[in-house]
Amino acid sequence: MMRKILIGALMAVTLAAAGDAAGQFFPYQIQKRTLPNGLDVLVIETPEFKDVVNVNTLILAGSRNEVEKGRSGLAHLFEHIAFRHRYEDPANSYDTRIEKMGAFDNAWTWFDVTYYHPVTFSSNLRDLIALQAERFVAMEFSERIYRTEAGAVLGEYRRNASDPGLRMDEVLIDLAYGPKHGYGHTTMGYLADVEDMPNSYRSGKAFYETWYRPNNAVVLVTGDVKADEVFRLVEEHYGKWKPGKVPSLPKAGAINGPKRGHVEWEADVPPRIVYAHLVPAFDPGSTEGAVLALLPELIAGRTAPLYQELRYQKQIATEMAVSRMSAEGFDARLLETYVRLDKEKFDAQGRTLFSETEQALDRGFSELKNFSRRPDAQTTLEALKSRYRYDLLSSLNSPANIASTVAWYYRFERDPKVLDTLVTAVERLTTQDIDAFASRYFTPANKALVTMAHKGAAR
Amino acid sequence: MRGLAPAFLLILFAGCAIAPTQPATQPMQTTQTPTAPTAATGPADVTLVTVDSPSPLVTVRMMVKAGSSSDPIGKEGLARVTAESLIQGGFGPDGAVVTKERLAEITQPWGEEAMPAVLHSADTTTIRFVVPRDVLDRYIATVLRPMLTAPRFDQSEIERIRTETAARISAARFEDLENLGLAAIDEYVNEGTRYQHQTWGTDQGLGAIGRDDVVAFFQSFYRPGNIILGVSSSNGAVTGAVADTVRAMNAAAPQALQAPQQAPATRFAGRHAVVIDVPNAPAAGVHIGFPFDLDRNDADFWALYVANTWFGTHRDSFGRLYQAIRQERGYNYGNYSYLEHWNGRTSNLFQVFNQPRRQQYFSIWLRPVAHEYAYPMMKAATWELQRMVDQGLSDAQVASAKNKAKVLYVNMGETIDRLLAARVDDAFYGASGGFLENYLANIDRVTTAEVNAALRKYLQTANLKYLVATDSQHAEALAAQIRAGAPAFGKSLQEYQLEQVKLADGKVVWQIPDEKVEMLRVDALWAHYPLNISTVRVVPVTSIFRTGQFIEESR
């Protein structure tokens, strides 16, 4: 979902700055204004990336906000629709104007947010801000265009559906959240809903009118720009965007696990397990948030005992990974561990390999409750902190990547200092904090898992 | 912080400093030491490529000029297994062995990218890592030098890597329809050449690889004269330390394997198709390609680059293919075309560098469409290609494509690491002008006449290979449809959401809005375009990636 990040240039700046100003991690000044309509505007001047500008719009709504029955997938469909603004007027359509300007334009949808991130030369700043504002303030799209785009989304679903991972996700989050919570379906939506999307025009419009509001959005501009000029242009063009009442959403309940699901796959693929625990809504300054930041490496990093057991010693797993960002949500998310099992072992052993793996995972997660008693606990924790810092710094290597990293974390508390807050919380962590987190969340009642195997596989 | 805005970043975006219509005037500050023997009779030296960067982090890209095309016949996958086991197979002397677990511990505090990672490709293998400069000496002493000069290639690690690679093959067949199609068209177009298997090798090839093969491959190809070394530093002490380490690698080792003679691309006449039967394919992926003699050094490269930007910009809505098939008609998620082969197209919005090839092919990638539309879309894409070649592009189309191509630069050159990677490719191609450094200027110079001449010279539709990955229920039917060669429409008027109205005389007619008339006219041209495909084979997905042949003979 977020772009793969490459190490690069800005590391120089960030490290030097971090050294210069003790306690401050993020090397750039984030300038912020909130318009009377509630729109937060953030500007990060990065003049060293000469003549480039990113005008990003973060809508604080994603698939979690799809609570109308039979209408999952609207946030993602809407991301598509936003590129079809005035499409039937080719001379003035959004995409014609983007092309004429010369911009690279894309967007992504996640459970919590939708992020639009065009980039162009900064000589186009005024035009790009005007065009972005136009589509968000008063999007124009006909039912015909809506239907055509719904067809493209079905194509995207088909494209993703060849990977059993999508189906496993669908089963897992349905187990954990059920259909009433927006986290209970993927950002693609349920297949039946996606198939029926051409008929969802009215719901789509309502989704836009409810959630695409200035008080539910952030505009984030990075690049070779002057903040004053950006503020002036954003006020001029976004100022007329009417605020709205942002409805509250259902809260995630307990899993009441352990819960298990299974996917039978048509093709003869290597089996997989996705193993998950519900973790708290993300708070960047909290101890629990900081533990979450380090957990993926602690569980599935190459030095992790559990990883080494499954991948190297028992050689049950051919791949193993934990997704960090996917666990960072407005509401309680799942911390998911993906394991791909060795097919030959599975073919020989059958489904007992699933239970063997689950037991190993249970044991590995449980051992984290006593993490502080490991002889190497302190050195491991310090190595993880150092690594986290380097990795976060390395993500700040271009204006686009600076913006997406800031946007991802800013959304939680709307605090421009959020990256400093996050790093400070990680620096403060003690080995006992890991124990406490594991004891609280890595429990059977808080667990859900899904297995997947070829339908003809041995039982 | 403001005061620290470093010069290298100004250089990085020097091209962007100029408005899109002006050429870049300030080249990158890079240096390149061409391959040169250290002594008249000595072994060839490392080719060193640098990008100036005051960053406290050093990025290293060590490109070995050998990849899967150097796999011995019957041992496909050897290049990959060698590179992976160089890193994971342990290194260093007895008593101080750095196992893969120890390597993870050593590199952990320095960030994820301090762990060496390999980019596998057909003609190259590139090992990349990023190290804080203040620990570079330690990194060289504890990791890089023992890895390159004292690898252990532990037998059990080789076994594990082989098993995991075999699992990848299985996943490639059944779990990712798009990458399956992209891999298969590569093999099909290059059938009969060294490119007809993927870097992950084949079931048979992996099974035949032993430790001796790995050692022989390493000693034969991981030699200083066969290395392009990219380092993100212009500091001689830094680049020298890394280069000297690489120079110590296999300097005097026996060279058991020889780089294979590069077979010229197999030319074929006419149009041919392979339909891959994938049991659970939820849709049909359509791929088209043919080999051609064009690389970044050719004078025509940039003209064709502009044309290809117009036709099929990767992962962008700009291209004609995308516009026609996705945007106007909603068949699928996207449609693109390529002048160069590269892996990672499904997950990267921009070209991933360090996969250069000595022989390239032109290709079209239609993302999955509903099974029943595969045949109409084969026609559509071919017609569109034919039309572009026949009619050429107008001045306005060339201007807008040039504008688009320049915008791509904003992302393609957005980090020092990408600039370094591009420089390494330049050294591989022996390019006189750097790909990214001169990108904007090269685009600017292209004229409409050059675009249209290049289109006629390099692109054609007479000799094409089509590859469709579809499900078991549709594979034979599709083949029959291809053989019959009848006209075939894709979406119906209902599917286009057009409406019928009843006239005063009671007749019911379709109501076609003006803006849809041209689309429907082109639909008819697509539908009636004759494909005349002379051979069609339907093969089960299990018959590919099995042996060194594209399709296992006995199947």
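Labels below follow one simple rule: chain letters A, B, ... track the order of the sequence lines, proteins then strands, and each chain is numbered from 1.
In this structure, chain B has a heavy atom under 4.5 Å from the side chain of A/Q315, while its backbone stays farther away. Of the atoms belonging to B/A167, heavy atoms from both backbone and side chain fall under 4.5 Å from chain A. Only the backbone of A/K100 comes within less than 4.5 Å of a heavy atom in chain B; its side chain stays farther off. Of the two parts of A/E149, only the side chain, counted from C-beta on, holds a non-hydrogen atom closer than 4.5 Å to a non-hydrogen atom of chain B. Looking at B/N332, only its backbone comes within 4.5 Å of chain A, counting heavy atoms on both sides. For a residue to count as touching a neighbouring chain, one of its non-hydrogen atoms must lie under 4.5 Å from one of that chain's; by this rule B/S400 does not touch chain A. Contact of B/E499 with chain A is not made at all, since no heavy-atom distance falls under 4.5 Å. Heavy atoms of A/A317 lying under 4.5 Å from chain B belong exclusively to its backbone. Using a 4.5 Å cut-off between heavy atoms, A/Y87 contacts chain B through its side chain alone, with no backbone atom that close. In this structure, chain B has heavy atoms under 4.5 Å from both the backbone and the side chain of A/E99. Both the backbone and the side chain of B/Q327 come within contact range of chain A, each with at least one heavy atom under 4.5 Å from a heavy atom of that chain. For a residue to count as touching a neighbouring chain, one of its non-hydrogen atoms must lie under 4.5 Å from one of that chain's; by this rule A/R311 touches chain B with backbone and side chain alike. Contact annotation for A/D95: only side-chain heavy atoms (C-beta onward) come within less than 4.5 Å of a heavy atom of chain B. Heavy atoms of B/Q497 lying under 4.5 Å from chain A belong to its backbone as well as its side chain. Within the 4.5 angstrom heavy-atom criterion, no atom of A/D105 approaches chain B. Contacts between B/K402 and chain A at a heavy-atom distance below 4.5 Å are absent for every atom of the residue. No part of B/A166 comes within reach of chain A, as not one of its non-hydrogen atoms sits under 4.5 angstrom from that chain.
A 6.0 Å sphere centred on CD of B/Q473 holds no more than 12 heavy atoms belonging to other residues, nucleotides or ligands. By the neighbour-count criterion of 12 heavy atoms within 6.0 Å, atom CZ of B/R168 is sparsely surrounded, having that number or fewer from other residues, nucleotides or ligands. Taking a 6.0 Å sphere around CD of A/E344, one finds it holds 12 or fewer heavy atoms contributed by other residues, nucleotides or ligands.
When the candidates B/A114, B/A281, B/A370 are compared by the number of heavy-atom contacts under 4.5 Å with chain A, B/A370 comes out ahead. Taking chain B as the reference chain and counting heavy-atom pairs below 4.5 Å, the highest number among A/R158, A/E266, A/E143 is found for A/R158. Ranked by heavy-atom pairs under 4.5 Å with chain B, the first of A/A150, A/P164, A/P90, A/S122 is A/P164. Annotation: maximal heavy-atom pairing with chain B below 4.5 Å, among A/K343, A/E319, A/R302, occurs at A/R302. For the set B/M115, B/E105, B/R329, the entry with the most heavy-atom pairs within less than 4.5 Å of chain A is B/M115. The most heavy-atom pairs under 4.5 Å with chain A, out of B/R102, B/R315, B/Q108, come from B/Q108. Most heavy-atom pairs under 4.5 Å with chain A, from the set B/A399, B/G285, B/P132, B/S156: that is B/P132.
Using a 4.0 Å cut-off between a side-chain N of Lys or Arg and a carboxylate O of Asp or Glu, B/E178 and B/R367 qualify as a salt bridge. A salt bridge is defined here as a Lys NZ or Arg NE, NH1 or NH2 lying under 4.0 Å from an Asp or Glu carboxylate O, and B/D417 with B/R128 meets this definition. Taking the charged nitrogens against the carboxylate oxygens, B/E157 and B/K100 do have a contact shorter than 4.0 Å, which makes a salt bridge. Between A/D268 and B/R173, none of the side-chain N atoms (NZ, or NE/NH1/NH2) sits under 4.0 Å from a carboxylate O, so this pair counts as no salt bridge.
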>> Evaluate B/Q88 against B/R160 for side-chain hydrogen bond (donor to acceptor under 3.5 Å, both in side chains), listing each step before the verdict.
In response: CA-CA 10 Å; B/Q88 301 174 45; B/R160 187 181 56 78; 2.7 Å; yes
> Between A/N401 and A/S398, does a side-chain hydrogen bond (donor to acceptor under 3.5 Å, both in side chains) hold up when you go through it step by step?
Replying inline: CA-CA 5 Å; A/N401 292 337; A/S398 71; 3.2 Å; yes
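Judged by a 6.0 Å distance limit and a 45° cone about the ring axis, A/R387 is not positioned over the six-membered ring of A/Y390.
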